[in-house]
Protein chains: 2
Amino acid sequence: MDLSERQLQILQAIITDYVENAEPVGSRSIAKKYDLGVSPATIRNEMSDLEEMGYLTHPHTSAGRVPSDKAYRLYVNNLMQKKNLSAKDKRMINDRLAASRDEFDRTIRHAAELLSEITNLASFAMTPATNEETISFIRLLPVDKGTLILMIVGESGNVTNTTLRINVPYTQDSLDLLSKNMTVTYKGRTLDDVLKSEIIKDVGSDIEAMSQLQGSVMPSFLRTLEDMLNVNLYMEGMTNIFDLPEYSSIDRARDFMELFAQKDWFTQKMLARDNGVVVTIGDENDTVKDCTLITATYHVDGKLVGKIGVIGPTRMKYDEITSIMEYLTNNLSESFKLTGSTDSPGDAAISDNTGNTDNTDNTRGTGNTNNTEDKG
Amino acid sequence: MDLSERQLQILQAIITDYVENAEPVGSRSIAKKYDLGVSPATIRNEMSDLEEMGYLTHPHTSAGRVPSDKAYRLYVNNLMQKKNLSAKDKRMINDRLAASRDEFDRTIRHAAELLSEITNLASFAMTPATNEETISFIRLLPVDKGTLILMIVGESGNVTNTTLRINVPYTQDSLDLLSKNMTVTYKGRTLDDVLKSEIIKDVGSDIEAMSQLQGSVMPSFLRTLEDMLNVNLYMEGMTNIFDLPEYSSIDRARDFMELFAQKDWFTQKMLARDNGVVVTIGDENDTVKDCTLITATYHVDGKLVGKIGVIGPTRMKYDEITSIMEYLTNNLSESFKLTGSTDSPGDAAISDNTGNTDNTDNTRGTGNTNNTEDKG
DNA sequence: GTTAGCACTCGTCACATCAGAGTGCTAATC
DNA sequence: GATTAGCACTCTGATGTGACGAGTGCTAAC
């Protein structure tokens, strides 16, 4: 039940036109604008067939046709061609990312900003899931009588710290000793691994076996590990969607905004998507059935995986947007290659890299499961 | 030109009614609902006078009256009475804040959530401006060949760290030495102070005088100080406003949402407001002229000042909301009293307190200037 | 000073009308 | 057999109209 060449042409014309103008497209305008060498009547007949096959829908009898999710899927899988980014967009991406290259979280945020500016859609970017991150060392530092800082450093340079207050006496030496012990115990293990095994052990029952000091530190240690697993989510351009006719009704706009109010839930959803450029259209999404969601992944040190994405109505410029996202994620991955110590001479510093040290509106990552159609 | 007792009664009745129902209120309904002992005609006459004095407006001839900003101001300053929170709300606040008492940023976020849940408005909360924070110590830790961590700890337990990569060779000892030197140099000075003086000095020109190692570290040190000055902003309940008739038009809703898209700008604005409970109504705001903005401040360790706030239409329950905010900020300030090392016996741990260590969508705080009317 | 009565204003809602866009079908044409 | 012209039909959206109701503002009476 393949489509004829002419049907494909007509379908592509309808998609192009509808993506551009957001209005149901009629047979006459197709015939006029796209030189297919046939009359409107013929196009009407083909459209009728395409509708029967599920590629087009009809808001009402006397309106033109609108592409269905199925049509967009066909377009994304088979019809669309990779677009070359404009020089302007390329320059913009390069410049803006370069400006903040040395600060990890800021770079990620800029990526989200860029994405929403270029696509005029809502976008997001998240820092990598760190399930696979392994512990490099643990350090305890005294601040004050009763107050100390617990610091966990990951192999990829992630740092997370907690200020904790305890009633157990300690000295510089006892802290150093505990730091060393803990480092020896946990070094090289993944955060997930440590967290699971330690929680199962039920620290509480074990406390007598530990030093009093360690017993005081352990609960915070576990919570800090959890913090470290957190993913930061940056959202940009949410209000762009107000410009789209799809969201001219207050209810639609409201639904859209409420999606993002639950950042935690949203983060989970996004983490669960496959790697690479993934496009899910309309009904293919389990929640936002009238949106298209495109996500792409970048790598840190070739290992940890972070995500960026755009969300908009199913009517969007799939070709441009996927190309932009590919370019952007390649650029990001390139930025985040840990090159090891270079030996470039000269200037004293400096590529420094603010670690992922914070605890904002995030959730723990859960790694990759599958619920999405893959771009074929 | 004082208002008569009866005029005040009528004005109060109109405000109460309008706040409740969001519809222009007519003389007849006032006479019926609020037993003022006079006829609608009399009320009409008084309303006409009140309008002339600027307390009421008239959307059109045959509609009822609506309170003006001036009326709300009068109400807030003179008419409204403090409300007692419901036991339910109090319990909710106490419980929810207690649950996260030991984690600073999370507590702040919960405060914003509570505020939007209880008031059904959009709310925000920000971590304290740390201009006045003083440096406690500085520490450099080796991670790897070429990679090290710079950590700055403030007197109030704030911790900020940066992972930096340098080409200069170092040993554990040289890092320790530099840590000590820097600590001696900067200990006890405020972040602002250090930042200003060091930037004026123009580090670059000074580098030869320093060790190569210190020269490599200084730029990151300054940037980390800047990070430390950042204020975290949490926003909640933005979508609540869709429930309000004031925002049933897409354009109004859009304007509202766009306000918050620029987090940095918004943070600046909010930091600039006076301390305490501050109410600015409609035109009293320079930007959001059709909104009321209520902010309140809490203290950390009786010193650092953070802010929470709600934003909504000028039509809001001023009495309830200001009372809630007072209760909430008192509760927060109480939570964040650093009590020094307590000597409660028993349980090993644990009041730990995640430091303000992150670098999300924030701006540096600029302290308190004045642009707001004060609650009388 | 207060009130009843009444004319007047204005916005909203329901309903009818009309133009325009586009289809679907039929019959003619290539 | 595929294509096309022609035409009736459908549906939406814009425009206009009239009835209704809420509320005022004024005047005259209490």
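Note that this is a predicted model, so its numbers are computed, not measured. Order of the sequence lines sets the chain letters (A, B, ...), proteins ahead of strands, with each chain counted from 1.
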Q: In whole angstrom, give the distance that lies between atom CD of A/Glu46 and atom P of C/dT23.
A: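 Atom-to-atom, A/Glu46 to C/dT23, this comes out as 14 Å.
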Q: For the pair made of CD1 in A/Ile10 and C1' in D/dA2, what is the distance, rounded to whole Å?
A: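 These atoms are roughly 14 Å apart.
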Q: Could you grab the distance from atom NZ of A/Lys317 to atom NZ of A/Lys83, nearest 0.5 Å is fine?
A: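 A/Lys317 NZ to A/Lys83 NZ: 7.0 Å, rounded to 0.5 Å.
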Q: Are there over 12 heavy-atom neighbours, none belonging to A/Arg28, within less than 6.0 Å of that residue's CZ?
A: no
Q: So does A/Lys70 have more than 12 non-hydrogen atoms from other groups sitting under 6.0 Å from NZ?
A: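 Yes, because the 6.0 Å sphere around NZ of A/Lys70 holds more than 12 heavy atoms from other groups.
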Q: Rounding to an integer number of Å, can you tell me how far A/Glu23 CD sits from C/dT23 P?
A: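 About 14 Å, once rounded to whole Å.
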Q: Taking everything shown except B/Glu23 itself, do over 12 heavy atoms lie less than 6.0 Å from its CD?
A: no
Q: Which whole-number value in Å describes the distance from A/Asp17 CG to C/dG22 P?
A: 10 Å
Q: Rounded to the Å, how far apart are A/Ile30 CD1 and C/dA21 C1'?
A: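 Value for this atom pair: 15 Å.
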Q: Is any side-chain N or O of B/Arg65 closer than 4.0 Å to OP1 or OP2 of D/dG23?
A: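 False: B/Arg65 side-chain N/O out of range (4.0 Å or more) of D/dG23 OP1/OP2.
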Q: Grab the two heavy atoms, one from A/Gly309 and one from A/Met325, that are nearest each other, plus how far apart they are.
A: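 Scanning both residues completely, I find the closest heavy atoms to be CA-CE, 3.8 Å.
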Q: Is any side-chain heavy atom of A/Arg315 less than 4.5 Å from a side-chain heavy atom of A/Glu246?
A: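 Of all side-chain heavy-atom pairs linking A/Glu246 with A/Arg315, at least one is under 4.5 Å.
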Q: Less than 4.0 angstrom between a side-chain N/O of A/Ser48 and OP1 or OP2 of C/dT23, yes or no?
A: no
Q: Can you name the atoms? Protein N/O to nucleotides 10-16 of chain C N/O, anything below 3.5 Å, with the distance.
A:
unit_1: C/dC10; atom_1: O2; unit_2: B/Ser62; atom_2: OG; d: 3.0

Q: What I want to find out is whether B/Lys289 reaches B/Asp69 closely enough, with some N-O distance under 4.0 Å, to be called a salt bridge.
A: no
Q: State whether the number of non-hydrogen atoms from other residues, nucleotides or ligands found under 6.0 Å of B/Glu258 atom CD is greater than 12.
A: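 Yes.
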Q: Once you round it to whole Å, what is the distance between P of C/dG22 and OH of A/Tyr18?
A: 14 Å
Q: Flag the pair B/Phe266 / B/Phe124 as yes when their ring centroid distance falls below 6.0 Å, and as no otherwise.
A: yes
Q: Would you mind reading off the distance between B/Glu51 atom CD and D/dG23 atom P, rounded to a whole angstrom?
A: 15 Å
Q: Between the protein and nucleotides 4-6 of chain D, list every N/O to N/O distance that falls short of 3.5 Å.
A:
unit_1: D/dT4; atom_1: OP2; unit_2: A/Ser39; atom_2: N; d: 3.0
unit_1: D/dT4; atom_1: OP2; unit_2: A/Ser39; atom_2: OG; d: 3.3
unit_1: D/dT4; atom_1: OP2; unit_2: A/Thr42; atom_2: OG1; d: 2.3
unit_1: D/dT4; atom_1: O5'; unit_2: A/Ser39; atom_2: OG; d: 3.3
unit_1: D/dG6; atom_1: O6; unit_2: A/Arg44; atom_2: NH2; d: 3.3

Q: Once you round it to whole Å, what is the distance between C1' of C/dG22 and NE2 of A/His58?
A: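 Those two atoms, NE2 and C1', are 8 Å apart.
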